[in-house]
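Below: the structure, in structure tokens.
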Amino acid sequence: QVDLVESGGGSVQAGGSLRLSCGANGVIYSSYCMAWYRQAPGKDREGVATIDSEGVVTYADSVKGRFFISQDITQTTVDLQMNNLKPEDTAMYYCATDGPRVDCTVKATVDEFNNWGQGTQVTVSS
């Protein structure tokens, strides 16, 4: 079991930036996937960005070139730098992680992850 705690959400105007952080405590898989998902009201949770234990990253098409996922050298913290935010980026953002069984791309389904954070709200006003 891995405990994940997100931070860094908030409210910004369109064009602004936010940096989300996810801290992981507990079992650290030798081969893992860490991901950021988001869920807007009335919509399904969708993958935003992923990074695996080898540093391979993937992004949803809607955020490519604007969002950047990174991890610290201890591999216990994963950040999501969000630039040029748009109103359609408004959502609850969740951090998730699991071991090698996960297809570590933004197309991974939510069922593939057993460990989730509580979420942090991002609101972008026009």
Non-neighbouring partners of Thr97 that pass side-chain hydrogen bond (donor to acceptor under 3.5 Å, both in side chains), sequence neighbours left out: none

Closest non-hydrogen atom pair, Ala24 against Val2: CB-CG1, 4.0 Å

Test side-chain hydrogen bond (donor to acceptor under 3.5 Å, both in side chains) applied to Lys64 - qualifying residues, sequence neighbours left out: Asp61

Main chain of Ser125, side chain of Gln13: is a donor-acceptor contact present, judged purely on distance under 3.5 Å? no

Are the side chain of Arg66 and the backbone N or O of Met82 linked by a donor-acceptor pair below 3.5 Å? no

Which heavy atom of Glu6 sits nearest to which heavy atom of Cys95, and what is that distance? OE2-N, 2.8 Å

Intermediate values then yes/no, side-chain contact (heavy atoms from CB on, under 4.5 Å), Val48 and Val106: CA-CA 6 Å; Val48 175; Val106 292; 5.8 Å; no

Between Thr90 (side chain) and Val124 (backbone), is there a donor-acceptor pair under 3.5 Å? yes

d(Met92 CE, Gln118 CD) to nearest 0.5 Å is 8.5 Å

Asn83: side-chain hydrogen bond (donor to acceptor under 3.5 Å, both in side chains) partners, not counting sequence neighbours: Ser17, Gln81

For a side-chain contact (heavy atoms from CB on, under 4.5 Å) check, start with the C-alpha distance between Ile51 and Val56, then their side-chain angles and the critical distance, and finish with the verdict. CA-CA 5 Å; Ile51 187 167; Val56 177; over 6 Å; no

Are Val63 and Tyr94 connected, step by step, through hydrophobic side chains (Ile, Leu, Val, Met, Phe, Trp, Tyr) whose heavy atoms are closer than 4.5 Å? no

Quick one: are Ser70 and Arg19 in side-chain contact, heavy atoms under 4.5 Å? yes

Could you tell me which non-hydrogen atom of Leu80 sits nearest to which non-hydrogen atom of Ala49, and how far apart they are? CD1-CB, 4.0 Å

For Ser21, side-chain hydrogen bond (donor to acceptor under 3.5 Å, both in side chains) partners two or more places apart: Asp79

Linking I/L/V/M/F/W/Y whenever their side-chain heavy atoms sit closer than 4.5 Å, directly or via other members, would Val102 and Val57 fall into one cluster? no

Drop me the distance from Asp89's CG to Asn84's CG, to the nearest 0.5 angstrom. 8.5 Å

Report, one line per pair, each donor and acceptor closer than 3.5 Å where one atom sits in a side chain of residues 39-47; sequence neighbours left out.
residue : atom : partner : partner atom : Å
Gln39   : OE1  : Arg45   : NE           : 3.2
Gln39   : OE1  : Arg45   : NH2          : 3.3
Gln39   : NE2  : Lys43   : O            : 3.1
Glu46   : OE2  : Arg38   : NE           : 2.7
Glu46   : OE2  : Arg38   : NH2          : 3.3

So, for Ser126 and Pro87, which heavy atoms are closest and what is the spacing to 0.1 Å? CB-CG, 3.9 Å

Is the shortest heavy-atom distance from the side chain of Arg101 to the side chain of Asn114 under 4.5 Å? yes

SG on Cys33 to CD on Glu112, rounded to 0.5 Å: 8.5 Å

Output, in order, the C-alpha distance, side-chain angles, deciding distance and verdict of side-chain hydrogen bond (donor to acceptor under 3.5 Å, both in side chains) for Gln71 and Tyr32. CA-CA 12 Å; Gln71 60 186 0; Tyr32 63 82; 2.6 Å; yes

Can any side-chain N or O of Asp103 pair as donor or acceptor with the backbone N or O of Ala108 at less than 3.5 Å? no

For the CD atom of Glu88 and the OG atom of Ser62, what is their distance to the nearest 0.5 Å? 8.5 Å

Are Asn25 and Asp3 linked by a side-chain donor-acceptor pair shorter than 3.5 Å? no

Given Thr50, Thr105, Asp52, the one that forms side-chain hydrogen bond (donor to acceptor under 3.5 Å, both in side chains) with Thr58: Thr50

The complete set of ring-ring contact (aromatic ring centres under 6.0 Å, His included) pairs with one or both residues in residues 36-71, sequence neighbours excluded, reads Tyr37-Phe113, Tyr37-Trp116

